[in-house]
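First comes the structure, then the notes that go with it.
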Amino acid sequence: MTDPIGPSTSTIPNPSPTTLLHPRREPFEHGLLPIQKLIFTDPLQALTSLKQKLVSSSTQRVDSAALADALEISLDHARLVLDTLASVLHSESDLLVTSRFDDVDSVGADLLDLILFLYIQSYKRLLPRSHKDAAAVADVWPSTSAFDGYLSALSPLQLVRCNTRRFMPSQADEEAHQLSYLQKHLANILSLLSEPVEGEGEESLVISMEGFEHLGFLIQFEDKGSDGVFLSRATPIFANSDPDMPAVPVPASQVLDWLLQNIASSLEHVTEKNPAKENGPPSGSDQDVAMADTSPSSVKASPSVRSPCFIEGVSKSSYVKQASDLKNSSLKVINCHDSVIYLLVPLRYATIYGCSDATIVLGAVGKAVRVEHCERVHVIIAAKRVCIANCRECVFFLGVNHRPLIVGDNHKLQVAPYNTYYSRLEEHMTEVGIEATINRWDDTLELGMIDPHNSLSHPAGVSDAQAESATRLASDHFTKFLIPNWLEGESTCSTKDNPFPLTDPYLTSQQKNVNALSPTDEEEV
């Protein structure tokens with residue numbers, strides 16, 4: 001497709017050597033939905049038409065009914081789009097973010113934010129590299145599904161065998177992949193944010209400062225030594241506008257040139273920091289590292305609050321993170337096995353990937369949790385939203401305000417109500433905006449088995465298959481999970497019990513199991 005915005009003849013200041021452009025990871029990691037009708041062959045043409053159809057609203061906001069009608073999708077899917085958009089929006093003051101659960105439809109989504117969200121549904125994730133020793137992997141990961149080999153990009157036991165992140169996309173690789181996507185599609189994206197003016201040719205589209213700020217959904221600038229910069233402050237394009245007057249729109253071609261220069265500089269910076277690794281096979285010692293040799297020494301926090309903290313390779317041990325230990329707003333738990341992991345912290349985002357035979361307790365997550373490629377894991381989560389993808393024989397104890405989303409190739413999943421507490425839980429829930437009075441743990445929403453956002457080939461005829469649903473954990477198997485109170489006396493308003501109300505069968509079962517324990521038997525369940 002020919003770029004809708006031609007090159008500018010204006011002089012563009014060079015990118016600042018101290019300012020780097022970064023993609024916002026959140027829309028790409030937590031904002032992609034496997035709904036086929038949201039993925040367009042020609043997103044520019046389709047979304048230009050959609051924008052014209054929806055722009056008639058005087059408020060420039062779109063509710064789920066209007067979206068469902070425009071895209072010919074169900075109301076449930078339209079509501080899911082708005083909920084997911086709210087979880088990855090860059091503006092914390094937007095009405096979609098600040099509104100209560102029941103008010104989302106009445107406030108709707110900003111039209112331009114919605115258009116950008118729908119555009120990136122065409123994004124293809126960077127896939128992990130396959131394991132070199134396919135026979136060895138098959139030996140420990142038997143194929144139990146007709147779709148195995150097509151749908152599971154990387155099984156948990158495959159991760160155990162390689163026991164190294166070289167077979168997973170690194171943070172730098174993912175950032176470079178996202179920057180390359182933006183570089184390719186930026187002309188289209190700016191065209192959707194711009195407005196035409198009288199005249200023909202390359203200068204016929206202009207973008208306002210308000211339209212430019214919507215790019216904050218996809219990109220952000222970071223100065224050395226600071227966490228972030230507003231887009232309009234980072235660019236010299238609007239610098240000469242009179243602060244007492246509305247900013248004058250500028251040619252979209254000028255904005256495109258300036259941003260492409262910054263993306264090129266950022267890509268160069270990422271490449272320099274993360275030189276390409278050898279493509280040859282790993283050494284034998286790398287292929288067969290025993291789980292017993294994996295230690296929490298690989299657990300590391302990122303130096304930037306903007307970047308996630310990684311917890312990797314915890315094996316056959318207990319591991320604890322408290323609020324005083326972690327300043328990052330997001331966290332990733334990767335390749336942990338045969339362990340109990342307590343993450344008693346308030347977070348915005350969390351990802352659990354490739355874990356097996358473990359129990360993982362997440363404190364309070366205010367935006368979204370994604371659990372992917374896990375096997376025989378018990379996950380205890382207090383969160384606004386949770387997405388479960390490609391997991392097997394896992395049990396999820398949930399305190400969630402929105403419907404749990406289940407996608408991909410799942411087998412034998414169970415869900416149950418939230419079943420634990422720690423002394424600062426309610427404090428952390430209030431901090432990130434989780435409501436204990438709303439728990440939709442058993443109101444799961446299943447989407448497609450095929451993820452259109454990866455590049456794997458799929459067997460013919462399964463594109464419309466729905467993900468296997470989760471079953472409710474039998475109430476007689478439900479009991480309280482006891483967390484040792486390491487924080488005794490630290491909080492003046494300690495949580496003394498599970499803040500999420502239990503329905504009668506689970507409450508009765510929990511009380512029965514607690515009463516069956518003698519004082520000397522009260523250990524972790």
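Just so it is clear, the structure is predicted and the values come from calculations on it, not from any experiment.
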Exercise. Between atom CZ of Arg385 and atom CG of Asn401, what is the distance when rounded to the nearest 0.5 Å?
Worked result: 8.5 Å

Exercise. Which residue, Val255, Leu205, Leu215, Ile115, forms the side chain to side chain contact (heavy atoms under 4.5 Å, CB included) with Leu193?
Worked result: Leu215

Exercise. Is the shortest side-chain N to carboxylate O distance from Arg125 to Glu174 below 4.0 Å?
Worked result: no

Exercise. Under 3.5 Å, is there a donor-acceptor pair between the side chain of Gln121 and the main chain of Leu33?
Worked result: yes

Problem set entry | Validation row: Val333, Tyr353 side chains within 4.5 angstrom (heavy atoms) | no

Problem set entry | Donor-acceptor under 3.5 Å (Thr84 side chain, Val81 main chain) | no

Exercise. When you measure from the side chain of Ser194 to the backbone N and O of Leu190, does any donor-acceptor pair fall under 3.5 Å?
Worked result: yes

For this session: For residues Arg403 and Thr444, report the shortest heavy-atom separation together with the two atoms involved.
Result: NH2-O, 3.0 Å

For this session: Check Lys384 against Val432 and note the closest heavy-atom contact, atom names and distance.
Result: NZ-O, 4.3 Å

Exercise. Is there side-chain contact between Cys394 and Cys374, with heavy atoms separated by less than 4.5 Å?
Worked result: yes

Exercise. Is there a side-chain contact between His185 and Tyr119, using heavy atoms and a 4.5 Å cut-off?
Worked result: yes

For this session: Taking the side chain as every heavy atom from C-beta outward, state whether Leu343 and Val361 have any pair of such atoms under 4.5 Å apart.
Result: no

Problem set entry | Test item: Ser266 side-chain N/O and Leu21 main-chain N/O as donor-acceptor pair under 3.5 Å | yes

Problem set entry | Reported CG-to-OG distance for the pair Asp42 and Ser122, which is rounded to 0.5 angstrom | 10.5 Å

Seminar exercise, completed: CZ (Phe500) and CD1 (Ile438) are apart, to the nearest 0.5 Å, by 10.0 Å

Exercise. Considering the options His90, His22, Arg25, which one meets the side chain to side chain contact (heavy atoms under 4.5 Å, CB included) requirement together with Gln220?
Worked result: His22

For this session: Quick one: which residue pairs count as a side chain to side chain donor-acceptor pair (under 3.5 Å) with a foot in residues 63-76, not counting sequence neighbours?
Result: Ser64-Asp105

Exercise. What's the verdict on side-chain contact (heavy atoms from CB on, under 4.5 Å) for Leu75 and Arg79, showing C-alpha distance, side-chain angles and the deciding distance?
Worked result: CA-CA 6 Å; Leu75 277 173; Arg79 179 62 183 264; over 6 Å; no

Exercise. Got a donor-acceptor contact below 3.5 angstrom from the Asn410 side chain to the Cys391 backbone?
Worked result: yes

Exercise. Where do Cys387 and Val371 land on the side-chain contact (heavy atoms from CB on, under 4.5 Å) test, with the steps shown first?
Worked result: CA-CA 6 Å; Cys387 176; Val371 185; over 6 Å; no

Problem set entry | Pairing of Lys367 and Glu92 as salt bridge, 4.0 angstrom limit | yes

Problem set entry | Value rounded to 0.5 Å, distance of CG in Leu114 from CG in Leu50 | 7.0 Å

Seminar exercise, completed: Smallest heavy-atom separation, Ile434 atom then Ala382 atom, equals CD1-O, 3.4 Å

Exercise. Do Arg61 and Asp94 sit within salt-bridge range, that is, some charged N less than 4.0 Å from a carboxylate O?
Worked result: yes

For this session: Report the C-alpha distance between Asn390 and Val407 in whole Å, list the side-chain angles of each, state the deciding distance to 0.1 Å, and finish with yes or no for side-chain contact (heavy atoms from CB on, under 4.5 Å).
Result: CA-CA 7 Å; Asn390 304 311; Val407 301; over 6 Å; no

Exercise. Is the backbone N or O of Tyr418 less than 3.5 Å from a side-chain atom of Asn498, with the two atoms forming a donor-acceptor pair by type?
Worked result: yes

Seminar exercise, completed: Taking every heavy atom of Leu54 against every heavy atom of Ala66, the minimum-distance pair comes out as CD2-O, 4.2 Å

For this session: Verify the distance criterion only: is there a donor paired with an acceptor across the side chains of Ser180 and Gln178 at less than 3.5 Å?
Result: no

For this session: Could you name each residue pair satisfying salt bridge (Lys or Arg N to Asp or Glu O under 4.0 Å) that touches residues 185-197, not counting sequence neighbours?
Result: Lys51-Glu195

Problem set entry | Approximate separation, where rounding is to 0.5 Å, of Cys355 SG and Glu375 CD | 11.5 Å

Problem set entry | Donor-acceptor pair between Tyr349 and His30 side chains, under 3.5 angstrom | no

Exercise. So, do Phe397 and Thr420 sit near enough that their side-chain heavy atoms are less than 4.5 Å apart?
Worked result: no

Exercise. With under 30° as parallel and over 60° as perpendicular, where do the rings of Tyr506 and Trp441 fit, or are they tilted in between?
Worked result: perpendicular

Exercise. Between Glu468 (side chain) and Lys412 (backbone), is there a donor-acceptor pair under 3.5 Å?
Worked result: yes

For this session: Determine the minimum heavy-atom distance between Leu71 and Lys37, stating which atoms define it.
Result: O-CD, 3.9 Å

For this session: Go through the structure and list residues passing salt bridge (Lys or Arg N to Asp or Glu O under 4.0 Å) with Glu431, not counting sequence neighbours.
Result: none

For this session: Indicate yes or no for a side-chain donor-acceptor contact from Arg24 to the backbone of Phe217 under 3.5 Å, with no hydrogens or angles considered.
Result: yes

Problem set entry | Expected output: side-chain Gln60 to main-chain Val55 donor-acceptor under 3.5 Å | yes

Exercise. Can you find a heavy atom in the side chain of Leu260 that is under 4.5 Å from one in the side chain of Leu186?
Worked result: yes

Exercise. In Å, rounded to the nearest 0.5 Å, how long is the span from OG of Ser87 to CZ of Arg348?
Worked result: 10.0 Å

Problem set entry | Side chains of Leu344 and Arg424 in contact at under 4.5 Å (non-hydrogen atoms) | no

Exercise. Do Leu447 and Leu405 come close enough that some side-chain heavy atom pair is under 4.5 Å?
Worked result: yes

Exercise. Is there a donor-acceptor pair closer than 3.5 Å between any side-chain N or O of Asn439 and the backbone N or O of Val400?
Worked result: yes

Exercise. Does any donor atom in the side chain of His428 or Tyr422 lie under 3.5 Å from an acceptor atom in the other side chain?
Worked result: yes

Seminar exercise, completed: Tightest non-hydrogen contact, residues Leu32 and Ile120, listed as CD2-O, 3.4 Å

Exercise. Do His177 and Tyr181 have ring centroids that are under 6.0 Å from one another?
Worked result: no

For this session: Show your working on side-chain contact (heavy atoms from CB on, under 4.5 Å) between Leu20 and Phe221 and close with a plain yes or no.
Result: CA-CA 6 Å; Leu20 290 173; Phe221 286 90; over 6 Å; no

For this session: Taking atom types as modelled, find out whether Glu426 and Thr495 have a side-chain donor-acceptor pair closer than 3.5 angstrom.
Result: yes

